[in-house]
Chemist: 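Below is a structure I'd like to ask you about.
Small disclaimer: the values here were computed from a predicted structure and weren't measured. Chain letters run A, B, ... following the sequence lines, proteins first, then strands; residues in each count from 1.
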Amino acid sequence: MKIYIWVVIITNFLIPSVTGKTQVQQSDTNMLFNTWFLDTYKIESMEFPPNKREKGDYILFDEDMTYTSTSEGKVEEGTFILNTSGAYILMIDEKGDKIKAYIISISKNSLILKYDIDEISDIEVHYNSSI
Amino acid sequence: MILMKLVISKFIITVLFNKIIMKKVIPILLMFFSCALCFSQTTIDLKTVPFEIANQDFYIDKVIDNRLEQDLGVVENSSYQKVKLSFENGTATTIQNFMDVVLPKTGDRAPITLKVDHLKIEESQTSIDKRTARVYIELYFYAENGDELYKIAHYEEQGFPMSSLTEIFETHEQRIRAALEYCLWSFITAQKENTTNSLTKDKMLDNASSPKDVSTFETYVPLGKWFNLLTYRRMTDKYNEGWNVSYTGFSDHEKDLIIPFVIGYGQSRAKSDIVRERGYSFADSYTLGFGFNGYVKITPGVYVDLGLSVPVGLEVLRDLEDRKSTNFLVGLRANQGVKIIPWKEYGIVIGAGLFQQWQTSKVINRNFGFALEIGVNF
């Protein structure tokens with residue numbers, strides 16, 4: 001009986017670590033407020049560099065919950081919500097269109113996002129900070 | 001005499017039959033049906049993962065569960081069994097505990113009452129290679145004096161590959177926390193806007209730079225069920241007779257056109273008189289059909305089926321001198337019909353429709369006819 005209880009307790013601790021979804025810690029949220037430059041795309045350990053028009057693409061997350069991004073040179077601005085429970089950023093542009101990006105990992109120098117768009121939902125988008 | 005014996009024996013059999021039914025079969029049937037409708041129960045709890053809300057000026061004093069149902073929804077666990085989910089400590093208590101951690105109570109913060117009108121977990125296959133899990137939440141925020149401050153209804157949705165049942169099951173509580181967090185941020189943003197608006201009413205400031213209104217009141221529409229159909233269709237027209245077997249998969253929803261995934265194989269044979277006219281003793285065609293269908297839902301279980309496909313295949317011909325030849329077939333086919341799927345879980349499918357076809361056949365290029373379809377859904 002005792003062994004059974006310990007097995008249940010241990011598996012309850014192990015199972016959350018096995019799921020793919022990450023928890024975004026409170027300390028991570030302050031690291032998000034930075035300028036992130038597009039580095040590379042990754043699918044299942046294969047890396048694909050961004051194309052020429054995407055050179056210099058970045059996203060800037062500001063502490064006042066607004067963002068500025070360039071995509072293939074085109075500038076976009078809007079507001080964003082950081083949902084730490086769901087580990088995602090919801091960006092709302094000036095037209096009111098919403099884009100959801102799951103935070104796969106975040107550190108002082110690197111940010112990895114996966115966008116909730118059907119065609120690219122499997123692609124990891126890697127960004128580096130300017131530091 | 002024989003007739004009398006038959007009638008009496010029929011009477012005896014009927015009486016015995018009724019007795020057996022009343023005593024044994026009906027209770028068994030009742031048990032079977034009541035068990036088929038009830039699912040095993042599983043409880044979940046929300047993890048306590050706090051997140052910081054800067055300049056917090058309120059806390060949740062009370063949570064009211066205003067829902068009719070006790071459970072959160074029916075989902076599949078990792079063993080493909082359907083289970084009914086509910087909160088271990090009840091919905092109101094669980095949400096209150098979550099709010100106590102996220103929005104701690106202090107003396108100078110305003111108490112807010114939260115009313116939960118809807119909280120529902122759903123999951124279903126939504127395309128040929130994707131499962132969607134979602135939480136629908138409807139919350140009302142009230143001030144201490146009972147004034148309604150804010151209302152929000154929101155879907156917290158997440159897509160998964162088909163094989164992720166375990167991951168889906170284990171992240172339902174995370175989606176509930178994400179939904180609650182979304183609602184809180186929405187409320188905070190709305191309160192900020194109200195404060196900014198009341199401050200700028202006198203100053204007549206331009207509001208164009210203020211944050212866009214994020215909240216929407218999204219009314220509840222059930223997550224559509226995924227239907228798998230296996231159907232056999234017989235087609236007949238003036239010149240050919242044929243059949244087709246297809247697998248169809250689609251996600252049922254109320255609005256717009258439903259685009260199913262269809263893959264099928266068919267065979268058709270030209271009728272002997274027309275074949276002979278063209279100089280052949282027989283002509284068989286074997287085709288694979290790839291195309292687009294659209295279903296329009298008329299009422300539950302009844303769909304109008306409109307389709308366009310490109311049948312590609314081979315025509316095997318034997319001429320009157322017994323020489324065999326083959327011909328590459330490519331064509332265009334349009335169909336309009338009706339599909340009836342009376343039972344959602346497992347049942348039969350009945351369809352009927354018209355079709356028009358053009359193809360590179362050596363026997364007949366253009367034809368039109370009608371088709372009858374029967375199959376199963378699962």
Side-chain angles (χ1 to χ4, degrees), chain A residues 11-33 43-44 62-68 76-103 114-123, chain B residues 45-54 78 98 101-102 126-130 132-135 154-161 163-189 192-193 208-216 218:
Chain A
T11 46
N12 275 334
F13 278 116
L14 282 176
I15 284 168
S17 62
V18 165
T19 58
K21 207 67 186 317
T22 51
Q23 299 280 16
V24 172
Q25 303 300 322
Q26 186 49 48
S27 50
D28 299 341
T29 59
N30 295 327
M31 282 195 270
L32 185 69
F33 304 130
I43 310 174
E44 287 181 18
D62 204 341
E63 277 182 43
D64 67 356
M65 307 313 277
T66 62
Y67 77 92
T68 309
E76 243 174 44
E77 281 177 341
T79 58
F80 72 95
I81 297 170
L82 171 60
N83 191 310
T84 49
S85 304
Y88 66 81
I89 306 166
L90 185 68
M91 289 174 272
I92 307 124
D93 67 14
E94 292 151 322
K95 287 176 267 173
D97 294 331
K98 297 178 191 177
I99 301 176
K100 194 167 164 181
Y102 289 99
I103 301 174
K114 259 190 180 174
Y115 286 87
D116 187 29
I117 298 167
D118 274 337
E119 296 81 20
I120 57 171
S121 59
D122 286 332
I123 304 176
Chain B
D45 199 4
L46 296 180
K47 293 200 182 120
T48 39
V49 183
F51 53 91
E52 195 190 301
I53 296 177
S78 33
F98 175 82
V101 169
V102 169
T126 43
S127 84
I128 199 71
D129 59 351
K130 185 173 133 181
T132 299
R134 72 176 195 191
V135 170
H154 168 71
Y155 290 103
E156 191 64 43
E157 211 171 272
Q158 195 177 350
F160 292 88
S163 53
S164 311
L165 271 186
T166 310
E167 198 188 336
I168 294 174
F169 188 70
E170 280 155 11
T171 49
H172 286 305
E173 67 83 28
Q174 186 177 19
R175 273 182 295 283
I176 296 177
R177 285 188 288 119
L180 288 168
E181 185 177 339
Y182 182 95
C183 295
L184 283 177
W185 286 124
S186 234
F187 171 66
I188 291 168
T189 311
K192 268 195 205 146
E193 273 180 25
S209 56
S210 64
K212 272 270 182 296
D213 181 20
V214 164
S215 80
T216 46
E218 304 170 79

Chemist: Sub-3.5 Å donor-acceptor pair from the side chain of B:Glu181 to the main-chain atoms of A:Gly86, do we have one?
Modeler: no
Chemist: Flag the one option from B:Ala178, B:Pro161, B:Gly159 with the top tally of heavy-atom pairs under 4.5 Å to chain A.
Modeler: B:Ala178
Chemist: Nearest 0.5 Å, please: how far is CZ in A:Phe80 from CH2 in B:Trp185?
Modeler: 10.0 Å
Chemist: A:Asp64 versus chain B, heavy atoms under 4.5 Å apart: side chain, backbone, both or neither?
Modeler: neither
Chemist: Nearest 0.5 Å please: distance from the CD atom of B:Gln158 over to the NZ atom of A:Lys100.
Modeler: 6.5 Å
Chemist: Distance check, rounded to the nearest 0.5 Å: B:Arg175 atom CZ versus A:Ser85 atom OG?
Modeler: 12.5 Å
Chemist: Mark yes when over 12 heavy atoms from residues, nucleotides or ligands other than A:Asp122 sit less than 6.0 Å from its CG; otherwise mark no.
Modeler: no
Chemist: Let me confirm one number: the CG-CD distance from A:Asn30 to B:Glu52, rounded to the nearest 0.5 Å.
Modeler: 7.0 Å
Chemist: Minimum heavy-atom separation for A:Tyr88 and B:Glu156, please, with both atom names.
Modeler: OH-OE2, 2.7 Å
Chemist: Could you please spell out the steps behind the side chain to side chain contact (heavy atoms under 4.5 Å, CB included) verdict for A:Leu90 and B:Tyr182?
Modeler: CA-CA 10 Å; A:Leu90 185 68; B:Tyr182 182 95; 3.7 Å; yes
Chemist: OG1/B:Thr189 to CD1/A:Ile92 distance, rounded to the nearest 0.5 angstrom?
Modeler: 8.0 Å
